[in-house]
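Here is the structure we will look at.
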Amino acid sequence: MAKIIQGKQIARDLCEKVANEASTFRREHDLAPGLAVVLVGDNPASEVYVRQKVIECDKAGIHSEKYRLPHVTLEAELLGLIARLNRDPKVHGILVQLPLPDHIDPSKVLDAIAPDKDVDGFHPVNVGRLSTGSDGLTPCTPLGCMMLIDTVIDELRGKHAVVIGKSNIVGKPVALLLLERECTVTVTHIATLGLPDIVRRADIVVVAAGAPRLVRGDWIKPGAVVIDVGITRKDGPGGKALLVGDCAANEMDHAGAVTPVPGGVGPMTIACLLSNTLKAARRSVHG
Ligand code: NAD
């Protein structure tokens with residue numbers, strides 16, 4: 001039977017560690033680490049994510065400010081708010097919840113966040129730091145994936161990792177993090193030919209495609225570690241929403257370890273956001 005990587009518990013432990021360290025930071029600097037979360041429009045899923053982030057901040061003793069702007073907000077107004085938050089000494093991290101309404105250019109907005117407050121790690125400066133292996137703010141979900149992998153593999157060096165998906169928020173950064181740890185990394189995507197055979201050679205599979213049951217049991221090498229980032233909402237029995245991952249979860253018995261969906265990578269994302277906010281706060285005082 002594959003080991004189930006208990007993302008929920010690992011995330012809880014990380015949140016607790018951040019809470020302890022945030023309390024030391026508050027004592028030493030008479031200032032709480034602070035996160036500003038900006039939500040534009042009324043996307044119901046975004047509202048749920050933002051609410052969860054604010055709740056977890058409160059629990060960890062991280063000061064949070066929520067900015068809820070209407071759908072009709074102009075790009076210039078949003079950029080004005082970001083400029084203000086960039087200057088605010090109580091705010092160490094700024095997160096703009098995506099997606100933004102169509103009339104706002106997300107890259108313009110993300111590029112306007114001060115790189116040292118960019119707790120999502122999406123700013124080109126942080127992307128550059130990640131790709132050159134220097135210390136920056138790393139995107140939360142990929143960081144969470146690495147922490148989960150580290151709970152089941154002692155030495156990543158020399159392992160063959162296959163990443164499915166090449167998005168800027170998951171696939172590419174996770175591939176860079178694996179490369180930094182000296183894995184041999186193959187990045188695959190929708191146009192990749194012969195995906196099953198590529199995955200069959202992997203010691204580590206990270207799948208972030210948003211394609212339910214894409215990865216089948218017979219693609220997985222015995223003992224391989226499978227990190228399922230995918231989350232797709234489906235209608236379950238009685239009209240209840242069901243979250244499904246990108247792996248055929250019932251076919252993974254011979255894997256070494258797998259993350260469940262839900263309760264695997266998802267909880268790590270918020271825990272890593274708290275951790276990044278604390279890191280940004282420390283850097284703001286220590287340089
Ligand atoms: P995206 O749509 O930006 O990118 C998906 C990538 O997967 C693309 O590169 C595409 O080429 C590839 N892909 C799609 N279908 C494929 C297929 N059939 N075969 C091979 N490659 C395929 O998505 P994203 O933002 O990277 O998110 C991916 C998934 O991860 C989604 O389900 C999303 O909800 C989930 N996600 C979860 C978390 C979390 O906290 N757990 C965070 C971010 C994203």
Side-chain angles (χ1 to χ4, degrees), residues 4-12 14-15 37 43-53 55-56 95-100 106-107 110 119-122 127 130 138-149 161-178 185-202 205-216 218-220 226-234 241-249 258-276:
I4 305 296
I5 303 175
Q6 303 292 351
K8 228 177 182 167
Q9 185 56 48
I10 298 164
R12 221 176 278 145
L14 177 59
C15 288
V37 185
N43 180 318
S46 294
E47 293 200 24
V48 173
Y49 294 142
V50 165
R51 204 175 316 128
Q52 283 170 342
K53 286 167 185 172
I55 290 173
E56 291 305 322
L95 181 149
V96 177
Q97 186 67 46
L98 299 177
L100 289 167
S107 58
L110 298 179
V119 282
D120 256 339
F122 295 157
V127 175
L130 179 62
T138 306
C140 301
T141 303
L143 192 58
C145 291
M146 296 305 291
M147 289 181 182
L148 295 180
I149 293 169
V162 171
V163 178
I164 307 175
K166 62 166 183 68
S167 73
N168 291 336
I169 65 165
V170 191
K172 282 183 202 160
V174 92
L176 288 168
L177 289 167
L178 288 160
V185 183
T186 306
V187 184
T188 65
H189 44 78
I190 189 79
T192 298
L193 302 178
L195 184 60
D197 280 336
I198 296 171
V199 175
R200 282 187 189 108
R201 294 199 294 271
V205 182
V206 180
V207 54
R213 293 181 73 81
L214 169 68
V215 176
R216 308 306 303 236
D218 67 350
W219 296 19
I220 300 298
V226 182
I227 305 294
D228 189 350
V229 185
I231 302 178
T232 303
R233 250 165 244 275
K234 292 213 153 183
L242 205 63
L243 298 184
V244 296
D246 288 347
C247 293
V258 297
T259 57
V261 177
V265 176
M268 291 304 288
T269 299
I270 294 187
C272 288
L273 172 68
L274 303 185
S275 172
N276 272 353

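As the structure lists them, so they are numbered: ligands from 1, and atoms in each ligand from 1.
- Counting all heavy atoms, side chain and backbone alike, Leu130 lies closest to Pro173 at CD2-CB, 3.6 Å.
- Checking each of Val229, Asp228, Ile4 against Thr259 for a side chain to side chain contact (heavy atoms under 4.5 Å, CB included) leaves exactly one that passes, namely Asp228.
- Here the closest heavy-atom approach between residue Val199 and residue Ile220 is recorded as CG1-CD1, 4.1 Å.
- Near ligand 1, residues Thr141, Ile164, Gly165, Lys166, Ser167, Ile169, Val170, His189, Ile190, Leu195, Ala208, Ala209, Gly210, Leu214, Val229, Gly230, Ile231, Val265, Gly266, Thr269 each place a heavy atom inside the 4.0 Å sphere around the ligand atoms.
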Next on the checklist: Could you go through Cys247 and Val258, starting from their C-alpha distance and side-chain angles, then the distance that decides it, and tell me whether this counts as side chain to side chain contact (heavy atoms under 4.5 Å, CB included)?
Outcome noted: CA-CA 10 Å; Cys247 293; Val258 297; over 6 Å; no
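- For the side-chain contact (heavy atoms from CB on, under 4.5 Å) test, residues two or more places apart in sequence or in another chain that qualify with Arg12 are Lys8, Gln9.
- Results of the side chain to side chain contact (heavy atoms under 4.5 Å, CB included) test with Thr138 over Leu143, Val127, Val119 single out Leu143 as the only residue that passes.
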